[in-house]
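Encoded as structure tokens, the structure appears first; notes follow it.
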Amino acid sequence: MKTIITLSKIQRREIPERFRRDDNRFSETLVEHFLEEYTRKGDIVLDIFAGLGTTLFVAEDMERIPYGIEYDEQRCNYIRENLEHKENILHGDALKLFEYNIPKCDFCLTSPPYMPKDDIENPFTAYSTQGSYKQYLQDYGKIYKQVKQIMKPGTTIVVEVSNLKNHGEVTTLAWDVSKEISKVLHFEGEIVIKWENVNTETNDGIYGYGYDHSYCLVFRNK
Ligand SMILES: C[S@@+](CC[C@H](N)C(=O)[O-])C[C@H]1O[C@@H](n2cnc3c(N)ncnc32)[C@H](O)[C@@H]1O
């Protein structure tokens, strides 16, 4: 597999007006790329931070079986309204993965909620409680320990994440997340996604975070 790929950041799926201000989806092209590489028809595909459902919708279009968890109830409802496998999107918390009745999965693709290192709001409660960067990183360990249990042996887990440039400071989020998850899953390496259709000068919301690339961290459940 190539370790640098170029994809368009433009999302094909129209979303309702109410979600457009916080549109932090990845593009369908990213999901298609990894599903082609790591899955076959009929496989179970998991996204534990389902967002507005990109992984799940593309999985369904490609005749895979989607499962997802989303913390935000409105986002979850939106996915449920538009997914064929309606019962497979759960309103819940990735930190409590064990509590849900999710079958053993063949592939996991997700993009977590981000946190700059000096923030004090916890991304894993949709920024509704206080937190710290240290706690946030530790939570990745708790979450991915559970992901490991839910995945079939030998399967692949991909996490899309970027470093963050914020007011002249860089949060090395991608490095830190890979280090944390590596404690529980085998790190196979990173794939650099070079995003097209991104304007880093104006930070016009097409990508953001001060970069025109992100990383897909590839782990294996050995
Ligand atoms: C970057 S977005 C994912 C976007 C998704 N890849 C897409 O294309 O639609 C991260 C999502 O994780 C959700 N989230 C945050 N904390 C969570 C948690 N503890 N459990 C499950 N979902 C959570 C957020 O509400 C947000 O929708």
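All figures in this text were calculated on a predicted structure; none of them were measured in a lab. When a residue number appears, it is its place in the shown sequence, counting from 1. All values below were derived from every heavy atom in this structure, side-chain atoms included, with hydrogens, water molecules and symmetry-related copies excluded.
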ILVMFWY cluster, [X] and [Y] together (side-chain gap under 4.5 Å):
| X | Y | answer |
| --- | --- | --- |
| I69 | Y67 | yes |
| I89 | I15 | yes |
| L52 | L30 | no |
| I48 | L217 | yes |
| L7 | L35 | yes |

Electrostatic pair [X]-[Y], nearest N-O below 4.0 angstrom:
| X | Y | answer |
| --- | --- | --- |
| E169 | K117 | yes |
| D139 | K142 | yes |
| E70 | R75 | no |

For [X] and [Y], indicate whether the former's side chain and the latter's backbone hold a donor-acceptor pair under 3.5 Å.
| X | Y | value |
| --- | --- | --- |
| R80 | L90 | no |
| S162 | L164 | no |
| S132 | Q135 | yes |
| K86 | E81 | yes |
| N221 | G154 | no |
| N122 | Y127 | no |
| D47 | G68 | no |
| T129 | T125 | no |
| Q11 | R25 | yes |
| H91 | N77 | no |

Test of understanding: with side chain to side chain donor-acceptor pair (under 3.5 Å), list the residues that count as partners of H85, not counting sequence neighbours.
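Checked H85 against side chain to side chain donor-acceptor pair (under 3.5 Å); matches are E60.
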
Residues 92-101 side chain polar contacts: donor-acceptor under 3.5 Å, at least two apart:
residue	atom	partner	partner atom	Å
D93	OD1	L95	N	2.9
Y100	OH	D93	N	2.8

If the condition is side chain to side chain contact (heavy atoms under 4.5 Å, CB included), which residues does K145 pass it with, not counting sequence neighbours?
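Once residues adjacent in sequence are excluded, the partners of K145 under the side chain to side chain contact (heavy atoms under 4.5 Å, CB included) criterion are V184.
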
All side chain to side chain contact (heavy atoms under 4.5 Å, CB included) counterparts of R40, not counting sequence neighbours:
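Here the qualifying residues are D43.
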
For [X] against [Y], the heavy-atom pair lying closest together:
| X | Y | result |
| --- | --- | --- |
| Y144 | I157 | CE2-CG2, 3.7 Å |
| S8 | T29 | O-OG1, 3.4 Å |
| Y215 | A174 | CD1-CB, 3.6 Å |
| E36 | M62 | OE2-CE, 3.7 Å |
| V147 | C108 | CG1-SG, 4.4 Å |

[X], [atom1]: over 12 other non-hydrogen atoms inside 6.0 angstrom:
| X | atom1 | result |
| --- | --- | --- |
| I5 | CD1 | yes |
| E14 | CD | no |
| K179 | NZ | no |
| R20 | CZ | yes |

K41: partners by salt bridge (Lys or Arg N to Asp or Glu O under 4.0 Å), with sequence neighbours left out:
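Salt bridge (Lys or Arg N to Asp or Glu O under 4.0 Å) check on K41 returns E63.
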
Judged by modelled atom types alone, do [X] and [Y] share a side-chain donor-acceptor pair under 3.5 Å?
| X | Y | value |
| --- | --- | --- |
| N166 | Y209 | no |
| S214 | E160 | yes |
| T39 | R64 | yes |

Using the ring centroid of each side chain, check whether F124 and F49 are separated by less than 6.0 Å.
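Yes, close enough.
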
Listing request: all ring-ring contact (aromatic ring centres under 6.0 Å, His included) pairs with a residue in residues 12-42, at least two apart in sequence or in separate chains.
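As it turns out, the ring-ring contact (aromatic ring centres under 6.0 Å, His included) pairs with a partner in residues 12-42, which skip direct neighbours, are F19-Y78, Y38-F107.
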
